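Read through the structure below, which is laid out as structure tokens, and then see the notes.
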Amino acid sequence: MRLTIAALVLSTTCAFAGGFVVKDVRVFDGDRTIEKTDVAVRDGRIVSVGSGVASRGLETIEGRGKTLLPGLIDAHVHVFPGAQQDALRFGVTTELDMFSMLPFLKDWQEQRRSLRRTSGADTWSAGIGVTAPGGHPTEMSGPFTVPVLAPGDDARAFVDKRVKEGSDYIKVIIEDLAEYPGRAPMPTLSRDQVCAVVSAAHADGKMAVVHVQTEAAAREAMDCGADGLAHLYPDRPADPVMVAQVKAHGMFIETTAAVWAGASGTGMADKLAADPRVALYLSQAQLRSLAYRGKTTMPDFFSNALASIRRYHAAGVPLLASTDAPNPSTAHGVSLHEELQIYVQAGYTPAEALHAATGAPADVFHLGDRGRIRKGDRADLVLVDGDPTRDIADTLSIERIWKNGFAVDRAPKEIRR
Ligand SMILES: [Zn+2]
């Protein structure tokens, strides 16, 4: 009941869409921190960043003691109905979907170009990824029949079809389950097929992002000229020679460390779900997904991922904060905050971690007017209490979220209790 009243008060505030200025606030602008400034928003866009702006006609929001962040970007998720709303209620204003069967790609493209009010995060998507008959993730596709690339099929024709459907980039899957000892191997694309798909993606002007969970698979992706890895492979700590080669190839890596934390049984997801700054805002889908456990515990995955984040970061390889939600122990939106905490645990400064969820993915995926607090960019903003540039866990102390300049209602669809 208390939440119902809070939600009503919040929705009344939401009606104000003319413009606002956040005064005397600390700003992390996607790259660096400005200790005290003003940020003004009008008609869905940031119109100025700097002290002493004319704020006549604008709602004034006191920013002292608070920090304004660009809307966060999760660089690896799987969207299902309701997921984009779950993401937005935790300050994730943009999601990069890495395999989806939903027939909404053109709608998502239209949405992310507009500045209209929305209750969900904007989305870029791989659409249908490229996998072998019986390959991952066909084992979990439920009622869907996943189109697959069989031996002898034309990779170029397969990729062209995805591009026509609206795929923003091409997801390729190398997965034989070698990282799970004792499990029967799974069919996967041949090396020649992977190389052919990467070439086809490039011929269509699209990036190729490759699912790998072993260093051997990562090497194959690199040798085929892939642009990025969809996971920081957790089967071993990254080999220093491999790290140098990935850097030389100019690749990026979506870390998905939150999912490895879950696989190793760290309990981070339970801690997150119980945090009073989080608990009230979780939807049933988020609660279920955070509590869900995979079949096997892989004790080394998380420590391997931490070591690899440290090495790849030291080498200057762009790492993109990403959750792989809704895989076991992760949920849309909320788990990106855990991912940021893991980056800091691995040796990132808090500001570097924030960059990995804002400026870095915006640059790598050419997302345009987002990921930064910059004059002219769309007003996707998160105001938090405290200073996440010093204590990264402060990103959870969300006071307000704006999407396209509109205040976001944080109450979940089901008001619980
Ligand atoms: Zn995934």
Side-chain angles (χ1 to χ4, degrees), residues 76-80 97-102 125-163 165 167 169-204 206-236 242 251 253-254 256 259-260 263 292 294-298 300-301 304 324 326-328:
H76 184 150
V77 300
H78 300 279
V79 169
F80 56 87
D97 176 273
M98 288 292 150
F99 197 137
S100 173
M101 302 285 295
L102 297 176
S125 179
I128 295 161
V130 191
T131 195
H136 180 69
T138 59
E139 79 281 14
M140 50 206 281
S141 64
F144 296 109
T145 306
V146 184
V148 291
L149 187 71
D153 282 357
D154 182 352
R156 186 69 202 266
F158 192 96
V159 168
D160 287 351
K161 202 160 175 207
R162 305 290 84 81
V163 172
E165 286 163 354
S167 294
Y169 35 81
I170 300 299
K171 171 88 177 287
V172 193
I173 289 147
I174 308 175
E175 182 59 77
D176 60 5
L177 299 183
E179 67 279 18
Y180 299 102
R183 275 206 216 165
M186 189 174 227
T188 191
L189 299 172
S190 71
R191 183 195 176 89
D192 284 351
Q193 285 178 305
V194 172
C195 289
V197 170
V198 171
S199 302
H202 290 168
D204 282 335
K206 302 292 180 190
M207 290 203 290
V209 187
V210 185
H211 164 108
V212 296
Q213 294 197 184
T214 64
E215 190 163 274
R219 182 171 295 283
E220 186 177 305
M222 179 177 73
D223 291 346
C224 286
D227 301 273
L229 303 178
H231 297 285
L232 183 48
Y233 50 90
D235 66 321
R236 51 178 296 174
M242 177 70 177
M251 295 172 79
I253 303 176
E254 296 162 359
T256 68
V259 86
W260 306 141
Y292 181 62
K295 273 188 263 186
T296 7
T297 303
M298 302 301 295
D300 299 334
F301 274 18
N304 290 344
D324 206 7
N327 271 282

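What you see below is based on every heavy atom in this structure, not just the backbone, and it leaves out hydrogens, waters and symmetry mates. Nothing here was measured: the structure is a model prediction, and the numbers come from that model.
Not counting sequence neighbours, the partners of Pro147 by the side-chain contact (heavy atoms from CB on, under 4.5 Å) test are Met101, Ile128, Phe158, Arg162. With sequence neighbours excluded, no residue forms a side chain to side chain donor-acceptor pair (under 3.5 Å) with Glu220. When the side chain to side chain donor-acceptor pair (under 3.5 Å) test is applied to Ser125, the partners found at least two apart in sequence or on another chain are Asp97. Qualifying ring-ring contact (aromatic ring centres under 6.0 Å, His included) partners for Tyr292, counting only residues two or more places apart in sequence or in other chains: none. By the side-chain contact (heavy atoms from CB on, under 4.5 Å) test, Pro234 pairs with Gln213, Trp260, Phe301, sequence neighbours left out. Partners of Asn304 according to the side-chain contact (heavy atoms from CB on, under 4.5 Å) rule, which considers only residues two or more places apart in sequence or in another chain, are Pro237, Asp300. For Tyr169, the ring-ring contact (aromatic ring centres under 6.0 Å, His included) partners are Phe365, not counting sequence neighbours. Evaluation of the side-chain contact (heavy atoms from CB on, under 4.5 Å) rule for Gln193 yields Leu149, Leu189, Ser190 as partners, not counting sequence neighbours. With sequence neighbours left out, the side chain to side chain donor-acceptor pair (under 3.5 Å) criterion links Arg236 to no other residue. Listed by chain and residue number, His202 satisfy the side chain to side chain donor-acceptor pair (under 3.5 Å) test with Asp227 (two or more places apart in sequence, or in another chain).
Heavy atoms only, all atoms of each residue included: Gly294 and Pro328 are closest at N-CB, 3.6 Å. The two residues Val212 and Ala218 have their closest heavy-atom pair at CG1-N, 3.6 Å. The shortest non-hydrogen separation linking Val198 to Ala226 is CG1-N, 3.9 Å. Pairing each heavy atom of Ile170 with each of Ala201, the nearest pair is CG1-CB, 3.7 Å. The shortest non-hydrogen separation linking Ala184 to Leu177 is O-CD1, 3.6 Å. For the pair Asp324 and Asn327, the tightest heavy-atom approach, listed with the atom from each and the gap, is O-ND2, 2.8 Å.
Summarising the geometry, atom OG1 belonging to Thr214 is positioned 8.0 Å from atom CD1 belonging to Ile174; distances are rounded to the nearest 0.5 Å. Separating the OG1 atom in Thr188 from the NE2 atom in His136 is a distance of 10.0 Å, to the nearest 0.5 Å. Met186 contributes atom CE, which lies 10.0 Å from atom CD1 of Ile173 (distance to the nearest 0.5 angstrom). Atoms OG1 and NE2, on Thr256 and His231 in that order, are 5.0 Å from each other to the nearest 0.5 Å. In this structure, NE2 in His211 is found 3.5 Å from CD in Glu175, a value given to the nearest 0.5 Å.
Note on residues 132-156: pairs passing salt bridge (charged side-chain N to carboxylate O under 4.0 Å, His left out), not counting sequence neighbours, are Arg156-Asp160, Arg156-Asp204. Sorted by first and then second residue, the salt bridge (charged side-chain N to carboxylate O under 4.0 Å, His left out) pairs involving residues 176-192 (not counting sequence neighbours) are Arg191-Asp223.
Side chain of His78 to backbone of Phe99: a donor-acceptor contact under 3.5 angstrom is found. Using modelled atom types, one side-chain atom of Lys171 and one backbone atom of Met98 make a donor-acceptor pair closer than 3.5 Å.
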